[in-house]
2 protein chains.
Amino acid sequence: MITIYDIAKTTGFSPTTVSKVFNDYADVSPKTRRKILETAEQLGYLPNAHARSLTTKRSWTIGVLFNEPSGAGILHPYFAGVIEGFKKVSTSRGYDLMFISKDIGGKKSSYLEHCKIRGVDGVVVILPDFTDPYFLELLESNIPCVLLDQESDTKSTIYSDNIAGGILAVNYLHELGHRLIAHIGGGNTFAGEKRLQGYLQAMEGLGLPVDPEHVIQGSYDYTVESGRIAMEELLKASVLPSAVFAAGDNLAVGAMMAVKNQGLRVPEDISIIGFDDIEMVKFLTPALTTIRQDTYALGNKAADMLIYTIEGGEEVQSDMLPVELVIRESCRSL
Amino acid sequence: MITIYDIAKTTGFSPTTVSKVFNDYADVSPKTRRKILETAEQLGYLPNAHARSLTTKRSWTIGVLFNEPSGAGILHPYFAGVIEGFKKVSTSRGYDLMFISKDIGGKKSSYLEHCKIRGVDGVVVILPDFTDPYFLELLESNIPCVLLDQESDTKSTIYSDNIAGGILAVNYLHELGHRLIAHIGGGNTFAGEKRLQGYLQAMEGLGLPVDPEHVIQGSYDYTVESGRIAMEELLKASVLPSAVFAAGDNLAVGAMMAVKNQGLRVPEDISIIGFDDIEMVKFLTPALTTIRQDTYALGNKAADMLIYTIEGGEEVQSDMLPVELVIRESCRSL
DNA sequence: CTGAAAGCGCTAACAA
DNA sequence: TTGTTAGCGCTTTCAG
């Protein structure tokens with residue numbers, strides 16, 4: 001392995017000067033800079049990130065925290081989209097991404113400990129379950145964080161305008177003539193609660209009564225299976241809704257399955273609208289009408305915020321991105 | 001930050017002894033071991049991974065290389081499934097995962113350089129394009145690697161039995177009575193070529209002629225769009241096939257779209273079989289018949305192999321996992 | 001069973 | 001503009 005000492009030796013300068021060149025110090029003459037750069041090239045020198053981190057206390061690494069227990073994790077398009085967007089900007093700003101789990105060195109540990117051991121500069125948190133004590137511990141630490149789909153006074157946060165999304169969905173259904181509008185919720189999650197709130201708010205604004213039988217909670221991990229179960233429940237209601245707003249596309253897909261299994265049709269018998277606009281839903285029959293959230297942009301923004309904090313920004317930031325109604329075929333006009 | 005020096009000071013032992021405790025050396029008396037562990041706990045000591053890596057030349061980090069240009073990357077269920085499986089075992093063995101891109105420190109660089117700078121212990125490669133010079137450079141290096149869907153003499157490899165999958169698909173179609181069987185290929189990729197090979201082999205075995213007009217290549221990144229385009233091409237053939245075997249589920253989905261857009265129906269007019277069994281396809285109408293590959297198992301195995309190499313295994317390993325026909329509704333009996 | 005000393009590769013005062 | 005010195009936190013001989 002070639003080190004700055006090797007470069008120092010062959011150029012005749014000191015290691016310090018060599019180091020200065022690689023750190024863009026101004027007080028190096030153009031001539032020596034050139035010479036050092038040249039021989040570094042010739043020798044095939046590559047800096048050692050660990051050594052650098054040891055002295056500077058900066059690792060240029062960002063930890064990625066996401067849901068493991070559910071197994072949905074990385075496989076869920078929401079997560080994947082956010083990470084994709086996040087990676088794009090963090091990479092261009094010089095940071096690499098590392099997965100942080102509760103496992104480290106093959107032993108169980110907390111997220112916070114894992115982060116400290118690895119010396120990450122900051123962490124992006126994409127956890128649906130915000131009651132996890134290890135997550136809470138992280139929140140109370142002074143590690144730079146950005147939280148997705150979460151609210152916090154101490155850490156920066158970013159999320160889609162879930163309430164507006166819920167309202168958008170209900171209003172659209174109302175415009176189509178629907179009055180009996182049910183909701184399949186995203187369980188005990190921030191996004192789920194906001195979407196439910198949007199639903200409730202819109203129903204009230206429209207003067208539509210909410211039948212308690214028409215509000216069913218799906219599971220926090222937004223699986224198709226959970227949507228199916230919720231819809232089966234809904235189909236047992238004394239009065240059937242004519243439309244349902246599902247808090248996630250997977251839930252909506254599950255709901256469509258349940259409807260079909262029951263011998264009913266979407267949208268002829270029941271209209272369904274989802275939330276997310278994951279890629280697959282436009283290929284369903286009927287293609288799913290849904291509320292689109294821009295996961296890629298969410299990831300971009302999250303990275304901006306986190307890097308701002310990492311690089312000394314004091315302000316706790318928060319941002320909300322607009323959502324959009326995407327009309328396809330799963331909702332019919334009454 | 002608490003270091004082993006702090007522990008040494010408060011316990012009265014030397015830093016060396018403290019270090020030995022954390023490295024499970026046998027030559028420490030149970031009593032001192034206990035005392036050191038206790039005060040470490042009290043002081044809230046956490047090891048510093050960078051410092052450790054600097055001396056040991058081991059980072060307990062595995063680099064993850066995957067396709068970025070296509071943008072499909074992490075969003076593709078194949079990739080996500082493999083990573084999920086890979087992460088599971090590598091994490092339990094004490095390794096963390098880091099994304100490796102061609103960007104480092106905000107500047108362009110090669111994969112190999114990025115790996116060396118970060119000091120990863122090994123890398124898992126999931127790149128469709130095996131002509132990428134930076135990938136080749138990595139192959140020629142002595143960094144431990146495991147390659148997915150690739151063949152190599154110098155690095156360990158793992159993939160599904162793509163040829164058998166192709167054969168399975170064609171034979172199934174043949175059993176259903178199909179004779180005019182077309183193929184939409186996965187382009188210039190290892191998996192794509194093997195699947196094509198399986199197709200050709202089966203056709204020949206069955207004594208079915210292969211109409212050149214009936215073999216169209218999709219793009220290497222297996223997108224829905226590329227499947228749609230390929231199918232449109234196929235629909236212009238002088239003789240229409242009664243069935244098509246698509247080398248990937250996304251391609252199959254695109255093909256289904258094209259068929260529908262043309263006013264034809266699946267499977268009444270054309271039967272379609274895919275490859276992968278990504279989650280969404282069972283929710284399509286008709287639900288897609290496909291060849292399932294076990295991406296999670298692929299990831300598990302890949303991690304086993306890579307860690308074997310990292311930890312000193314000399315042997316270049318290679319493994320092939322079986323695939324399975326999943327019959328649903330997109331192929332009809334003639 | 002314990003510890004002293006050296007060194008991993010790099011950066012950061014501070015002098016010169 | 002350049003170099004000396006010290007040190008980041010840890011591991012590893014090797015000696016006691």
Side-chain angles (χ1 to χ4, degrees), chain A residues 1-37 39-40 43-61 94 104-105 113-121, chain B residues 1-37 39-40 43-61 94 104-105 113-121:
Chain A
M1 176 177 238
I2 306 296
T3 73
I4 54 171
Y5 282 88
D6 299 313
I7 301 179
K9 203 156 289 173
T10 77
T11 57
F13 292 103
S14 73
T16 306
T17 304
V18 176
S19 172
K20 283 180 177 175
V21 168
F22 292 118
N23 290 283
D24 288 325
Y25 276 60
D27 61 351
V28 182
S29 82
K31 215 188 297 178
T32 57
R33 155 168 272 111
R34 199 164 346 105
K35 187 166 174 196
I36 285 172
L37 252 19
T39 69
L43 266 39
Y45 167 75
L46 291 176
N48 179 317
H50 298 298
R52 198 198 293 256
S53 296
L54 187 55
T55 38
T56 59
K57 270 92 181 70
R58 285 279 266 118
S59 65
W60 293 94
T61 302
I104 185 166
E113 286 180 0
H114 195 152
C115 288
K116 286 188 170 166
I117 291 172
R118 283 296 187 177
V120 300
D121 295 332
Chain B
M1 174 176 239
I2 306 295
T3 73
I4 54 172
Y5 282 88
D6 298 314
I7 301 179
K9 204 156 290 170
T10 76
T11 57
F13 291 102
S14 73
T16 306
T17 304
V18 176
S19 172
K20 283 181 176 172
V21 169
F22 292 118
N23 289 283
D24 287 325
Y25 275 59
D27 61 350
V28 182
S29 82
K31 214 187 296 177
T32 57
R33 155 167 272 112
R34 199 166 344 106
K35 188 165 173 194
I36 286 173
L37 251 19
T39 70
L43 265 39
Y45 168 75
L46 292 176
N48 179 318
H50 298 299
R52 197 197 295 255
S53 295
L54 187 57
T55 39
T56 59
K57 269 92 181 72
R58 286 279 267 117
S59 65
W60 295 93
T61 302
I104 185 167
E113 286 179 0
H114 195 152
C115 287
K116 286 188 170 166
I117 292 171
R118 283 296 188 177
V120 299
D121 295 332

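Keep in mind that what you see is a predicted model, and the values were worked out from it rather than measured. Below, read A as the first sequence line, B as the second, and so on, with proteins coming before strands; counting in each chain starts at 1.
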How many angstroms lie between atom [atom1] of [X] and atom [atom2] of [Y], to the nearest 0.5 angstrom?
X	Y	atom1	atom2	answer
A:Ile117	B:Tyr45	CD1	OH	8.5 Å
A:Leu43	A:Ile2	CG	CD1	4.5 Å
A:Leu46	A:Met1	CG	CE	7.5 Å

Which pair of non-hydrogen atoms, one from [X] and one from [Y], has the smallest distance, and what is that distance?
X	Y	result
B:Ala40	B:Ile7	CB-CD1, 3.7 Å
B:Ser14	B:Ala8	C-CB, 3.8 Å
B:Ser53	B:Ser59	OG-CA, 3.4 Å
A:Lys35	A:Thr11	NZ-O, 3.5 Å

Handout entry: Atom NZ of A:Lys20 with >12 non-hydrogen neighbours under 6.0 angstrom
Key =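 Above 12, so yes.
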Exercise for the section: Assign B:Thr32 to base, sugar-phosphate, or nothing according to its heavy-atom contacts below 4.0 angstrom with the strands shown. Expected result: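 Answer is sugar-phosphate: B:Thr32 comes under 4.0 Å of backbone atoms only.
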Exercise for the section: Looking at every strand, decide which applies to A:Gly12 at a 4.0 Å heavy-atom threshold: base, sugar-phosphate, or nothing. Expected result: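 Sugar-phosphate only.
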Practice task
Give a yes or no on whether the backbone of A:Ala51 and the side-chain of B:His50 come within a donor-acceptor separation of less than 3.5 Å.
Solution key: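 Not at all, since once roles are kept as given, no pair shorter than 3.5 Å links the two residues.
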Problem - Heavy-atom protein contacts under 4.0 Å, nucleotides 10-16 of chain D, coded B base, S sugar-phosphate only, - none - result: BBB----
Handout entry: Degree of bending, the helix from C:dC1-D:dG16 to C:dA16-D:dT1 (end axes from five pairs; round to 10°)
Key =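 Roughly 30°, once rounded to the nearest ten degrees.
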Problem - Opening and closing nucleotides of DNA chain C in contact with chain A, under 4.0 Å to non-hydrogen atoms - result: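 Range of nucleotides within reach of chain A: C:dG9 to C:dA13.
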Handout entry: Separation of D:dC8 P from B:Leu54 CG (nearest whole Å)
Key =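 In whole Å, D:dC8 P lies 13 Å from B:Leu54 CG.
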Exercise for the section: Please check if any side-chain donor atom of A:Thr16 sits under 3.5 Å from a side-chain acceptor atom of A:Ser19, or the reverse. Expected result: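 Judged by distance alone, the side chains do not pair up.
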Handout entry: Nearest-nucleotide comparison on DNA chain C, the residue closer to the 5′ end among B:Pro30 and B:Lys57
Key =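 Nearest-nucleotide comparison on DNA chain C picks B:Pro30.
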